[in-house]
Each structure stands twice: as C-alpha cells, then as structure tokens.
Amino acid sequence: MANPKTYALPTGGTVEVTILRGGELEVADLHLRNREGRTVATLYRTVAQAQEMVAGLKDVTV
C-alpha cells in the first residue's frame with residue numbers, strides 16, 4: 001500500500017487518495033472529508049479515474 005496523499009477541495013474539505021495494490025491489481029481508495037475532517041464518502045475507482053478527479057487540486061499532504 002502506498003502512502004496516502006491529501007488534496008484540498010474548493011469547498012474547504014479534502015480528499016485523501018490511497019493506491020491499494022494486490023499482486024498486479026491496483027485500485028484507488030478515496031475518502032472525501034468535510035471541513036471538520038469527518039469522512040462523508042468513500043469511493044473506490046481505477047487509478048486513472050482517481051488521477052483525473054484530483055487533477056488541478058492542491059496537494060496538502062503533511
């Protein structure tokens with residue numbers, strides 16, 4: 001499992017993206033969080049879809 005990256009959303013929340021790997025398979029695990037840091041949605045997408053979703057967002061990974 002790769003280290004998660006966190007991106008700022010225009011609404012004030014964040015999206016945390018973790019790439020999960022199993023053998024030759026990869027999937028992106030995305031956690032959408034509100035301003036208070038609570039997860040409001042969890043999505044599983046292809047890595048390419050996740051990259052498109054965060055394109056243009058500021059990386060705020062600590």
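Numbering of residues begins at 1 and proceeds along the displayed sequence.
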Carefully, step by step, assess Met53 and Leu43 under the rule side-chain contact (heavy atoms from CB on, under 4.5 Å). CA-CA 11 Å; Met53 292 174 74; Leu43 307 169; 3.9 Å; yes

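- In this structure, CG in Leu9 is found 10.5 Å from CG in Asn34, a value given to the nearest 0.5 Å.
- Remark: Arg45 pairs with no residue by the salt bridge (Lys or Arg N to Asp or Glu O under 4.0 Å) rule, at least two apart or across chains.
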Derivation of the side-chain contact (heavy atoms from CB on, under 4.5 Å) call for Thr14 and Glu16: CA-CA 7 Å; Thr14 60; Glu16 180 181 276; 5.8 Å; no

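- Cluster annotation: Tyr44 and Leu25 are assigned to distinct hydrophobic clusters (Ile/Leu/Val/Met/Phe/Trp/Tyr, side-chain heavy-atom contacts under 4.5 Å, transitive).
- No option in Leu32, Leu30, Asp29 other than Asp29 meets the side chain to side chain contact (heavy atoms under 4.5 Å, CB included) test with Thr42.
- Taken together through direct or relayed side-chain contacts under 4.5 Å among Ile, Leu, Val, Met, Phe, Trp and Tyr, Val60 and Ile19 form parts of separate hydrophobic clusters.
- Across every non-hydrogen atom of Pro4 and Thr61, the tightest pair is O-CG2, 3.9 Å.
- Residues Arg33 and Thr6 fail the side-chain proximity criterion, which asks for heavy atoms closer than 4.5 Å.
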